[in-house]
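In what follows, every heavy atom counts, from backbone to side chain, and hydrogens, waters and symmetry copies are set aside. Proteins get letters first, then strands, A, B, ... in listed order; numbering begins at 1 in each.
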There are 2 protein chains.
Amino acid sequence: MKKKSIEVNNPLDKWREQLRRGGLELAILLSVSSTSRYGLEIIRYLQESTDLVVTEGTIYPILGRLTRSGVVEAEWVSDETPHPRKYYRLSQRGRKHLDEMLDHWNAYRGKIDHLVETAGRI
Amino acid sequence: MKKKSIEVNNPLDKWREQLRRGGLELAILLSVSSTSRYGLEIIRYLQESTDLVVTEGTIYPILGRLTRSGVVEAEWVSDETPHPRKYYRLSQRGRKHLDEMLDHWNAYRGKIDHLVETAGRI
DNA sequence: CGTATATACCTTGTGACGCAAGATATAATG
DNA sequence: CATTATATCTTGCGTCACAAGGTATATACG
């Protein structure tokens, strides 16, 4: 199986990478906020619904970190699927965490947009 | 003189850091897009107009990189001020660069917001 | 006169983290 | 029985922000 890799050539691409990374954790938490999803499913979900490219080498370490810190809860499901899947869902703590992240996202977005309006065009 | 340092304690703070870094280069370029500004002035400008905290150890390397890649142009001004200042302003290439960044910022913001609306609340 | 503070710039070392590239295991395909 | 697909996980590297230092000059204070 070919693995998707992310092309980073010029400075603009590099910046796009950096911006994408900024919202990565938020995007992942949103993916498991209303439904539980397993690793590859999250990757596909983000790709399909928002064009956000995330690879396995990225998502598994992050999910591990989030599980260890109690923001998400993981559960193995072996029945009914050929391959065992590890389903993640937001914990109660995670819900609070996500709410604060959303507040901050709104504030941050406002700051950048404000900058664009005031400093941006001539 | 006391130097401001950025506190990073809990996972939420860490994430805030990451998000802030994502938009850093955009914020800096916006700061020098309509007027030329010098290093410390950019720091103060961002602080005052948007609450975005940037330190000297962050901004000077970035400005150097942006200058080297031709996105901004730098000019020393020694007259009329007690201390010589290095003024930065967007180059013509930088203008195109910034426009593309703004396009991407709008798209990215839309993607995250879309995620919030579709995946977010129960 | 010294020394403390402010303004201005720059550099070095380190830590954090995404992620490409691997590995493992099982099931279905042909 | 080799290949492809699904599923997870780990290692090692590269990048980059940034704290903590440094230099130089000007003003303020007693």
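Evaluation of the salt bridge (charged side-chain N to carboxylate O under 4.0 Å, His left out) rule for A/R37 yields no partner, not counting sequence neighbours.
One can find a donor-acceptor pair under 3.5 Å joining the base of C/dC9 and the side-chain atoms of B/E56.
We find that CD1 of B/I42 is positioned 9 Å from P of C/dC9, with the value rounded to whole Å. Atom pair A/I43:CD1 and C/dA20:C1' shows a separation of 13 Å (rounding to whole Å applied). Between the C1' atom of D/dC16 and the OH atom of B/Y60 lies a distance of 19 Å, rounded to the nearest Å. Going from atom CZ of B/R68 over to atom C1' of D/dC16 covers 13 Å, rounded to whole Å. Distance A/Y38 OH to D/dT8 P: 7 Å, rounded to the nearest Å. A straight line from CZ of B/R37 to P of C/dT7 spans 17 Å, rounded to a whole angstrom. At whole-Å resolution of the value, CD in B/E75 and P in C/dC9 are 13 Å apart. With rounding to whole Å, A/L19 atom CG is found 15 Å from D/dC16 atom P.
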Check the interface with nucleotides 26-30 of chain C: list each N/O to N/O pair with the protein under 3.5 Å, or write none.
{"unit_1": "C/dT26", "atom_1": "O2", "unit_2": "A/H83", "atom_2": "ND1", "d": "3.3"}
{"unit_1": "C/dT26", "atom_1": "O2", "unit_2": "A/H83", "atom_2": "NE2", "d": "3.3"}

Collect all protein-nucleotide pairs involving nucleotides 16-18 of chain C in which both atoms are nitrogen or oxygen and the distance is under 3.5 Å.
{"unit_1": "C/dG18", "atom_1": "OP1", "unit_2": "B/Q18", "atom_2": "NE2", "d": "3.0"}
{"unit_1": "C/dG18", "atom_1": "OP2", "unit_2": "A/R65", "atom_2": "NH1", "d": "3.3"}
{"unit_1": "C/dG18", "atom_1": "O3'", "unit_2": "A/R21", "atom_2": "NE", "d": "2.9"}

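The neighbour count for B/E75 CD, taken as heavy atoms of other residues, nucleotides or ligands under 6.0 Å away, does not exceed 12.
A distance of 9.0 Å separates OG of A/S31 from CG of A/L52, quoted to the nearest 0.5 Å.
Among the nucleotides C/dC19, D/dT8, C/dC9, the one closest to the side chain of B/W76 is C/dC9.
Ion pairing between a basic and an acidic side chain is recognised when a charged N comes within 4.0 Å of a carboxylate O; B/R20 and B/E17 show such pairing. With respect to A/D13 and A/R16, a salt bridge is recorded, a charged nitrogen being found less than 4.0 Å from a carboxylate O. Taking 4.0 Å as the cut-off between side-chain N and carboxylate O, B/E25 and A/K14 do not count as a salt-bridged pair.
Proximity of A/T55 to the phosphate of C/dA20: a side-chain N or O atom is located under 4.0 Å from OP1 or OP2. Between D/dA7 and A/R44, a contact under 4.0 Å exists linking OP1 or OP2 to a side-chain N or O.
By the 4.5 Å heavy-atom criterion applied to side chains, A/W15 and B/H104 are counted as neighbours. Side-chain atoms of B/L98 and B/L26, non-hydrogen and from C-beta on, do get closer than 4.5 Å to each other.
For A/R89 and A/Y87, the side-chain atoms include no donor-acceptor pair closer than 3.5 Å.
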